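Just follow the structure's listing: the first ligand is 1, and inside any ligand the first atom is 1. In this text the structure is predicted, and so the values were computed from the model without any measurement.
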Amino acid sequence: MARIEEIMTLAPVIPVLVIHDPAHARPVAEALVAGGLRALEVTLRTDCALEVIAEMAKVEGAVVGAGTVLNGDDLKRSVDAGARFIVSPGLTTGVAQAARASDVPLLPGTANASDIMRGMDLGLSHFKFFPAVAAGGIPALKALSAPFGQARFCPTGGIKAETATEWLGLPAVLCVGGSWLVPAGAPDVAAITARARQAAALKG
Ligand SMILES: O=C(O)C(=O)C[C@H](O)[C@H](O)COP(=O)(O)O
């Protein structure tokens, strides 16, 4: 099993997190883990993201990764902060090589057949499908995954609690990603845990 597959199968949903205050890191991670979601994607969209990764990595049961990783430097900084997996909106040779050099599992974004073929050339078989809804939704991923029998996906982008089940029903889909679990602002930990619990119980 590819190591990224172990992360993709910890739970049906990977929360995509945009955290603006390092003080929110631990309560958010604890609330998500309490609800049954262990793989947490902290996007490098905020200035404090690396600090957030380091804080969340201290939470028991959390498997913290970095998202919005755009190049090898982002990747190395994320791994140094404690990221145990890497998510990228796209797929570049630079990011793939940096992931191999750091020996960290990579979930790179793909949106078409050429992206997937380039990933396969780089030895990858597990991909994010991004932006999932805007790139054609379920019909697009069904059609795309047909020629690539071994490929497995984490669709992300535009997926919500109400639509996740349908995506999870596709045989090539191991999990979905989404930002709906943790809305912006001061964290309401009870609400986050409730949403996480609901997400963790989703079945394909
Ligand atoms: O930041 C990144 O690395 C991305 O690739 C984008 C995120 O995964 C999506 O923006 C999440 O999508 P929503 O669940 O629709 O908010």
Side-chain angles (χ1 to χ4, degrees), residues 4 7-8 10-20 24-25 28-29 32 35 37 39-53 56 63-79 81 83-92 94-96 98-99 104-112 115-116 118-119 124 126-138 140-141 144 152-168 170 173-185 187 191-192 195-196 198-200 202:
I4 190 66
I7 288 165
M8 294 170 79
L10 285 171
V13 178
I14 298 180
V16 177
L17 306 171
V18 183
I19 306 288
H20 290 275
H24 296 165
V28 166
L32 290 165
L37 301 183
L40 313 178
E41 176 188 337
V42 178
T43 62
L44 300 189
R45 292 187 186 202
T46 63
D47 292 341
C48 62
L50 294 175
E51 202 181 330
V52 169
I53 289 171
M56 287 192 171
V63 178
V64 182
T68 329
V69 170
L70 305 183
N71 52 53
D73 287 344
D74 284 351
L75 185 142
K76 187 159 183 331
R77 277 195 293 272
S78 302
V79 170
R84 288 165 63 186
F85 66 98
I86 298 294
V87 187
S88 175
L91 171 60
T92 65
V95 168
V104 63
L106 173 66
L107 188 61
T110 55
N112 59 51
D115 294 341
I116 296 166
R118 199 165 65 256
L124 301 167
H126 292 60
F127 305 102
K128 172 167 162 170
F129 176 52
F130 176 77
V133 173
I138 287 173
L141 185 54
L144 258 182
R152 295 292 177 268
F153 296 91
C154 173
T156 306
I159 299 177
K160 304 280 172 222
E162 307 76 51
T163 54
T165 303
E166 205 182 339
W167 285 97
L168 290 165
L170 303 190
V173 170
L174 295 181
C175 62
V176 302
S179 63
W180 81 84
L181 295 120
V182 181
I192 292 170
R195 281 192 288 270
Q198 190 194 32
L202 291 173

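The protein heavy atom nearest to atom 13 (P) of ligand 1 is S179 OG, 3.4 Å. Protein heavy atom at the shortest distance from atom 5 (O) of ligand 1 is K128 NZ, 2.7 Å. In terms of protein heavy-atom proximity, atom 6 (C) of ligand 1 is nearest to R45 NH2, 3.0 Å. In terms of protein heavy-atom proximity, atom 9 (C) of ligand 1 is closest to F130 CE1, 3.8 Å.
Among T68, V133, I14, the residue whose heavy atom lies nearest to atom 2 (C) of ligand 1 is T68.
Contact atoms of ligand 1 toward G157: 12 (O), 15 (O) (distance under 4.0 Å to a heavy atom of the residue). For ligand 1 and P89, the ligand atoms under 4.0 Å from any heavy atom of the residue are 3 (O), 5 (O). Atoms of ligand 1 found under 4.0 Å from any heavy atom of G178 (numbered from 1 in listed order, with element): 14 (O). Close contacts of ligand 1 with G158, meaning ligand atoms under 4.0 Å from a residue heavy atom, involve 13 (P), 15 (O).
Backbone and side-chain nitrogen or oxygen atoms of T156 are examined, and none is located within less than 3.5 angstrom of a nitrogen or oxygen of ligand 1. Every N/O-N/O distance between I159 and ligand 1 stays at or above 3.5 Å.
Partners of H126 by side chain to side chain donor-acceptor pair (under 3.5 Å), not counting sequence neighbours, listed by chain and number: E5.
Using a non-hydrogen distance threshold of 4.0 Å, K160 does not register as a contact of ligand 1. Note on ligand 1: G177 sits outside its first shell, no heavy atom being nearer than 4.0 Å. Residue contacts with ligand 1 include T43, since one or more of its heavy atoms lies under 4.0 Å from the ligand. The closest approach between any non-hydrogen atom of G109 and ligand 1 is not below 4.0 Å.
A distance of 6.0 Å separates CG of L44 from CG of L50, quoted to the nearest 0.5 Å. A distance of 12.5 Å separates CG of D115 from NZ of K128, quoted to the nearest 0.5 Å.
The shortest side-chain heavy-atom distance between T43 and V16 falls under the 4.5 Å cut-off. Side-chain contact check for M56 versus V28: some heavy-atom pair is nearer than 4.5 Å. Considering only heavy atoms from C-beta on, V182 stays 4.5 Å or farther from H24 through its side chain. Taking the side chain as every heavy atom from C-beta outward, L107 and E41 never approach each other to under 4.5 Å.
With respect to the salt-bridge test (charged N to carboxylate O, under 4.0 angstrom), the residues K76 and D73 do not qualify.
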N/O donor-acceptor pairs under 3.5 Å from side chains in residues 155-167, not counting sequence neighbours:
unit_1, atom_1, unit_2, atom_2, d
T156, OG1, C154, O, 3.3
T163, OG1, K160, N, 3.0
T163, OG1, K160, O, 3.2

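Classified by interplanar angle (parallel below 30°, tilted 30° to 60°, perpendicular above 60°), the ring pair F129/F153 is perpendicular.
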